[in-house]
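Structure first, then comments.
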Amino acid sequence: DAGREASPGAMVTVFVLFPGRTEAVCRDVSCASVPVLRQQLSLTVEQELTVNHPRHQGQFALLERVDQVFDGCSLKVFVPQHSIFVTSALAVRRPVAWYPG
C-alpha cells in the first residue's frame with residue numbers, strides 16, 4: 001500500500017532527489033535502519049536526508065528514524081551550509097564560501 005508506514009526491514013519504493021538534479025530517482029530500499037538506508041543511497045557523511053510528511057506532501061522533515069519512511073515517500077538529499085569567518089591582516093572577519101569534500 002503506497003503511503004503506508006513501512007515495518008522495520010521491509011522493502012519500500014522511494015523517490016530520491018539528489019543535489020543538482022531536477023528529477024527524482026526511483027529506488028527500492030530496505031527500511032532496516034537509517035544507516036542502512038544511507039548506505040543503499042551511497043550518501044556521504046556530509047549529506048543529510050529529509051522525508052516528506054505522509055499527508056502533507058510539500059512538508060519535509062529531517063530523517064532521524066526509519067519509521068518516518070513509507071512506501072512512495074519522497075526523500076531529498078542535501079548538504080547543510082556552513083558559515084566560516086576568516087580574519088587576516090587584509091580582511092576583518094569576512095565570510096567565505098566553503099564546500100565539504
I need the Leu75 CG to Leu17 CG distance, nearest 0.5 Å.
10.0 Å

Got a sec: does the CD of Gln39 have more than 12 other heavy atoms crowding it under 6.0 Å?
no

Linking I/L/V/M/F/W/Y whenever any side-chain heavy atoms sit under 4.5 Å apart, do Val25 and Val51 land together?
yes

Does Val16 share a hydrophobic cluster with Leu63, counting links as ILVMFWY side-chain heavy atoms below 4.5 Å and allowing steps through other members?
yes

Rounded to the nearest 0.5 Å, what separates atom SG in Cys31 from atom CD in Gln68?
11.0 Å

Enumerate the residue pairs fulfilling salt bridge (Lys or Arg N to Asp or Glu O under 4.0 Å) with a member in residues 12-24, sequence neighbours excluded, ordered by first and then second residue.
none

Test of understanding: clusters of I, L, V, M, F, W, Y form through side-chain heavy atoms closer than 4.5 Å, transitively. Do Phe18 and Phe60 belong to the same one?
no

Ser33 backbone acceptor or donor facing Arg38 side chain under 3.5 Å:
no

Under the rule for side-chain hydrogen bond (donor to acceptor under 3.5 Å, both in side chains), what residues qualify as partners of Gln57, not counting sequence neighbours?
Asn52

Are the side chain of His53 and the backbone of Arg55 linked by a donor-acceptor contact shorter than 3.5 Å?
yes

Separation between SG (Cys26) and CZ (Phe15), nearest 0.5 Å, reads 4.5 Å

Is there a donor-acceptor pair closer than 3.5 Å between any side-chain N or O of Gln47 and the backbone N or O of Thr44?
yes

